[in-house]
Student: 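Provided herewith is a single structure, encoded as structure tokens, for subsequent inquiry.
Every chain is numbered from 1 and lettered A, B, ... according to where its sequence line falls, protein lines coming before strand lines. Source: prediction; values computed, not measured.
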Amino acid sequence: MADNIFEQRLEKLESLGELIGVKYPNNFSVDTAIISILEEYKNETRETLETKEKKIFSIAGRVMFRRIMGKAGFLNLRDRDGDLQLYVSKKSIPEDDFIQFKKLLDIGDIIGVKGYPFVTKTGELSLHVTEFKILTKSLSPLPEKFHGLTDIESRYRQRYVDLIMNQDSRARFIARSKIVKELRNFFDAKNYLEVETPMLHPIAGGAAARPFVTHHNTLDMELYMRIAPELYLKRLIVGGFERVYEINRNFRNEGISTRHNPEFTMVEFYQAYATYTDLMDMTEEMFKTVAQNVFGKLIFDYQGNTIDFSKPFKRLSVYDGIKQYLPNYPKEIFSDIEVARKFAKEQGAKIEDYFPLGKVLMELFEHVAEKDLIEPVFITDFPLDVSPLSRKKDADNTLVDRFELYIGGFEIANAFSELNDPLDQEQRFMKQIEEKEAGDDEAHNMDADYIRALKYGMPPTAGEGIGIDRFVMLLTDAPSIRDVILFPLLKKE
RNA sequence: GAGCCACUAGCUCAGUAGGUAGAGCAUCUGACUUUUAAUCAGGUGGUCGAAGGUUCAAAUCCUUCGUGGCUCACCA
């Protein structure tokens, strides 16, 4: 015998080829999923089942455990959504099949079996196998059966192994898929139109972030991976699609952390004739609906904190938040930039000299409050300086009709009533360009076509973006964004 | 980008007054026809993340590098 596992398994693969004629057969038909056998027989006992006619099922999956005795043995078979124990005995199957079972099988192999359900002495529903076929040899051994794969890097790099071994990881990605489906149902029920807008942008816009740059060869043109779909979706509002949403990836060329992956998924949606307060109500309804429909509950544990979606979400303005977290604030910080800068720096916020007042206040707020925003809370009424695409408040032109939703200590949604005054928008872009020149490399760029679109008239509109990855983190109690992204970005091996 | 920590068999992990590497599971051989982390007996398997250095001697001490984790910074 060869002296390592890979070589040993290659030899078994050769033997299989000699025994059945091909090494990788594809002639086994599956007629049943394990979960439907479990469902159909869940109320049967050893006694009730013995009196019934034996019904043959054909199932397939991966061998996870085995316990082999002399002329018989048990296997645990796993398919896409269930595990079932198999009982294989020499006298019940053809001789060639028993050779496959006894001599050629390894844990991790993909097999197909036929057999009839029965209940063992110890009361476990099992399949009494009458045909046994190895369909795909696994040449690499699976991780240790009891502990599974725990090394975090391996779980990300070899997600396929993680998904085989770790049922909680598997369940989390299934939940993610259901969450996205429920979001679609939610928007579809409100007559939203799902659209797809460009991922390659000639101008990176719609958010403040550094983009990935790429190049189109034939047009010899610089392009940017999109940092947000916002400006395209609002062009569609101009075009008369009054309710649109898009679920897709954004790309931001920034740091990686437990809450940031360079490519992440957002649902961004826009509704004409709505305001940001309408969206607060809608967001609450959305979170409750998705949580209830996917998980059947409204109260979640997130990393040791309880998050209750059944209660109305709190609402707190940025300025009130500063007053609440820093009761000793100097009265002048909301009007005097020098006082605000000095105070924010004293509190430990990172303030650059070119920051306008609104940005200083925003940094201050996030520095002191963000970590404590565990229960769902809408932070409202942002400074104009940090909101170049938002509508000004009627009552105070230094603030905008905007909110961000915080849950579990991080930002999960951002929304506002949209600025639909093309002349104001043009001035705001000009101001952003000034900030860019002053040193803010994440300031917005001028998008002349977007201004051109607004000049045709965009109805009063509100829009919102929700980070799907973070939403899934909350609902599945995931400590890191990498736990909810199948293949998170890692350095090259 | 900074600090701290980790990297030993396919997997999960032991192993520091520095003396040349171990266990469990997996795998191999044998026994066993109702087991379920099966059991019993006996084997195989390692350039101790990489490269330098100190030393008679390095998994162990030092330096640099790599990969990863956590925290901070960045992320309006």
Side-chain angles (χ1 to χ4, degrees), chain A residues 1-9 11-12 46 64-76 83-92 98 102-103 106-108 118-124 126 128 138-158 161 165 207-210 227 252-262 264 318 348-350 352 355-356 358-367 370 382-390 400 402 404 410-411 414 432 435 440-444 467 479-482 488 490-493:
Chain A
M1 255 310 187
D3 62 353
N4 72 56
I5 292 173
F6 183 77
E7 295 293 334
Q8 286 166 354
R9 292 194 176 191
E11 288 178 12
K12 289 180 183 174
R46 196 168 165 78
M64 300 306 295
F65 302 93
R66 68 171 168 183
R67 297 167 293 282
I68 294 188
M69 290 152 290
K71 297 187 178 62
F74 290 89
L75 305 176
N76 291 78
D83 282 28
L84 183 65
Q85 178 168 266
L86 307 180
Y87 176 65
V88 183
S89 95
K90 189 172 185 180
K91 68 174 188 200
S92 303
F98 192 72
K102 188 76 188 284
K103 295 290 178 194
D106 285 292
I107 291 174
F118 76 111
V119 175
T120 64
K121 272 185 196 168
T122 50
E124 181 166 345
S126 308
H128 193 118
S138 165
L139 299 177
S140 297
L142 289 177
E144 197 247 348
K145 60 188 175 187
F146 189 59
H147 297 92
L149 184 67
T150 62
D151 178 71
I152 290 177
E153 183 183 357
S154 302
R155 293 182 59 182
Y156 297 152
R157 270 195 208 283
Q158 296 188 270
V161 179
M165 297 306 297
R210 289 191 294 270
I227 55 175
R252 296 187 183 176
N253 203 342
E254 283 162 357
I256 296 174
S257 76
T258 51
R259 289 162 191 188
H260 300 85
N261 195 62
F264 63 100
V318 173
K350 192 159 186 193
E352 300 289 344
F355 282 8
K359 189 157 178 170
V360 172
L361 294 171
M362 208 53 232
E363 290 290 330
L364 177 62
F365 173 80
E366 290 189 354
H367 179 71
E370 183 167 358
F382 280 58
L384 174 66
D385 295 331
V386 297
S387 313
L389 304 168
S390 308
V400 295
R402 174 177 174 187
E404 286 185 353
F410 50 85
E411 179 194 339
N414 178 23
Q432 287 289 305
E435 285 183 28
D440 183 354
D441 56 3
E442 294 182 343
H444 278 65
S480 169
I481 198 167
R482 292 175 155 190
L490 300 169
K491 284 194 194 176
K492 267 196 218 170
E493 282 185 89

Student: Minimum heavy-atom separation for M165(A) to G148(A), with atom names?
Tutor: CE-CA, 4.1 Å
Student: Counting only side-chain nitrogens and oxygens, does T150(A) get under 4.0 Å of the OP1 or OP2 atom of U12(B)?
Tutor: yes
Student: Is A73(B) paired to anything, Watson-Crick or G-U wobble with both distances less than 3.5 Å, and if yes, which nucleotide?
Tutor: none
Student: Grab the CZ-C1' distance between R210(A) and A73(B) for me, whole Å please.
Tutor: 12 Å
Student: Would you kindly give the NZ-to-C1' distance between K359(A) and C74(B), to the nearest whole Å?
Tutor: 12 Å
Student: Among L149(A), D151(A), T150(A), exactly one meets side-chain contact (heavy atoms from CB on, under 4.5 Å) together with P143(A). Which residue is that?
Tutor: L149(A)
Student: When you measure from the side-chain N and O atoms of K12(A) to the phosphate of U27(B), is any distance below 4.0 Å, counting only OP1 and OP2?
Tutor: no
Student: Between U35(B), C74(B), G69(B), which nucleotide gets closest to the side-chain atoms of R482(A)?
Tutor: G69(B)
Student: Quick one: label R259(A) by what it contacts on the DNA or RNA (base, sugar-phosphate, nothing), any heavy atom closer than 4.0 Å.
Tutor: nothing
Student: Look at the side chain of N414(A) and decide which nucleotide, out of A76(B), U35(B), C74(B), has an atom nearest to it.
Tutor: A76(B)
Student: Using the P atoms only, state how far A21(B) lies from A26(B), rounded to an integer number of Å.
Tutor: 26 Å
Student: Under 4.0 Å, heavy atoms only, any strand: does K90(A) hit a base, just the sugar-phosphate, or nothing?
Tutor: nothing
Student: Would you give the length of the straight line joining atom CG of L139(A) to atom CD of E7(A), rounded to the nearest 0.5 angstrom?
Tutor: 10.0 Å
Student: Taking all non-hydrogen atoms of both residues, which atom of D385(A) and which atom of G358(A) are closest, and how far apart?
Tutor: OD2-N, 2.7 Å
Student: When the distance from CZ of R157(A) to P of U67(B) is rounded to whole Å, what number comes out?
Tutor: 9 Å
Student: Does R155(A) place a side-chain N or O at less than 4.0 Å from the phosphate oxygens OP1/OP2 of U12(B)?
Tutor: no
Student: Using whole Å, report how far CG of L142(A) lies from P of C25(B).
Tutor: 17 Å
Student: Mind checking whether E370(A) and F365(A) have side chains closer than 4.5 Å, heavy atoms only?
Tutor: no
Student: Please measure how far the C1' atom in C62(B) lies from the corresponding atom in A14(B), and state the result in whole Å.
Tutor: 25 Å
Student: Look through every strand shown and name the nucleotide pairing with G66(B) as Watson-Crick or G-U wobble, where both distances are under 3.5 Å.
Tutor: C7(B)
Student: Please classify the nucleic acid contact of Q85(A) as base, sugar-phosphate, or nothing, using heavy-atom distances under 4.0 Å.
Tutor: base
Student: Describe the nucleic acid contact of T258(A) in one word from base, sugar-phosphate, nothing, applying a heavy-atom distance below 4.0 Å.
Tutor: sugar-phosphate
Student: Can you tell me, in whole Å, how much space there is between the C1' of C5(B) and that of G49(B)?
Tutor: 15 Å
Student: Using a cut-off of 4.0 Å on non-hydrogen atoms, how would the nucleic acid contact of F6(A) be classed: base, sugar-phosphate, or nothing?
Tutor: nothing
Student: With a cut-off of less than 4.0 Å, is there a side-chain N or O of K91(A) near OP1 or OP2 of U33(B)?
Tutor: no
Student: Across all strands, who's sitting opposite U54(B) as a Watson-Crick or G-U wobble pair, both distances under 3.5 Å?
Tutor: none
Student: I need the CZ-C1' distance between F65(A) and U35(B), as an integer number of Å.
Tutor: 13 Å
Student: When both hydrogen-bonding distances must be under 3.5 Å and the geometry is Watson-Crick or G-U wobble, what is G42(B) paired with, if anything?
Tutor: C28(B)
Student: Determine the Euclidean distance between corresponding P atoms of A38(B) and G1(B); express it in Å to zero decimal places.
Tutor: 46 Å
Student: If the P atom of G42(B) is compared with that of C25(B), how far apart are they to the nearest Å?
Tutor: 13 Å
Student: Please determine, for the side chain of M69(A), which listed nucleotide (G10(B), A73(B), A38(B)) has the closest atom?
Tutor: A38(B)
Student: Which part of the nucleic acid, if any, lies within contact of E363(A), taking any heavy atom under 4.0 Å across all strands shown: a base, the sugar-phosphate backbone alone, or nothing?
Tutor: sugar-phosphate
Student: When all nucleic acid strands are considered with a 4.0 Å heavy-atom cut-off, which category describes F264(A): base, sugar-phosphate, or nothing?
Tutor: nothing
Student: Closer than 4.0 Å, any side-chain N/O of R67(A) to the OP1 or OP2 of A37(B)?
Tutor: no
Student: Mapping Y156(A) and A207(A) onto RNA chain B by nearest heavy atom, which one lands closer to the 5' end?
Tutor: Y156(A)
Student: Choosing from A73(B), G10(B), C11(B), which nucleotide comes nearest the side chain of P141(A)?
Tutor: G10(B)
Student: Scan D151(A) against the nucleic acid and name what it touches under 4.0 Å (heavy atoms): base, sugar-phosphate only, or nothing.
Tutor: sugar-phosphate
Student: Between E370(A) and K492(A), who's closer to the 5' end of RNA chain B by nearest nucleotide?
Tutor: K492(A)
Student: Taking R402(A) first and then E404(A), would you say they form a salt bridge - that is, a charged N and a carboxylate O separated by under 4.0 Å?
Tutor: yes
Student: Using OP1 and OP2 only, check whether a side-chain N or O of K491(A) sits under 4.0 Å from U67(B).
Tutor: yes
Student: H147(A) side chain: which of U35(B), G30(B), U12(B) is closest?
Tutor: U12(B)
Student: Between A37(B) and A23(B), how far is it from one P atom to the other, in whole Å?
Tutor: 24 Å
Student: Rounding to an integer number of angstrom, what distance separates U47(B) and C4(B) when you compare their C1' atoms?
Tutor: 29 Å
Student: If we take the P atom in both U16(B) and U60(B), what is their distance in whole Å?
Tutor: 12 Å
Student: Write down the distance between CD1 (I256(A)) and P (U71(B)), rounded to a whole number of angstrom.
Tutor: 15 Å
Student: When you get a sec, tell me which of U67(B), A73(B), A76(B) is the closest nucleotide to the side chain of E153(A)?
Tutor: U67(B)
Student: Considering only heavy atoms and no angle criterion, is a donor-acceptor pair shorter than 3.5 Å present between the side chain of Y87(A) and the base of U33(B)?
Tutor: yes
Student: Taking all non-hydrogen atoms of both residues into account, name the closest pair between E254(A) and A209(A) and its distance.
Tutor: OE2-CA, 3.3 Å
Student: Considering Watson-Crick and G-U wobble pairs with both distances under 3.5 Å, what does A23(B) pair with?
Tutor: U12(B)
Student: What does E144(A) touch in the nucleic acid at a heavy-atom separation under 4.0 angstrom: a base, only the sugar-phosphate, or nothing?
Tutor: base
Student: Using the ring of each side chain (for Trp, its six-membered ring), is H128(A) parallel, tilted or perpendicular to F118(A), with breaks at 30° and 60°?
Tutor: perpendicular
Student: Separation of R9(A) atom CZ from A26(B) atom C1', in whole Å?
Tutor: 8 Å
Student: Should I152(A) and R482(A) count as side-chain neighbours, where that means a heavy-atom distance under 4.5 Å?
Tutor: no
Student: How would you label the contact of G358(A) with the nucleic acid (heavy atoms, under 4.0 Å): base, sugar-phosphate, or nothing?
Tutor: nothing
Student: Given atom CG of L389(A) and atom P of A76(B), what is their separation to the nearest angstrom?
Tutor: 13 Å
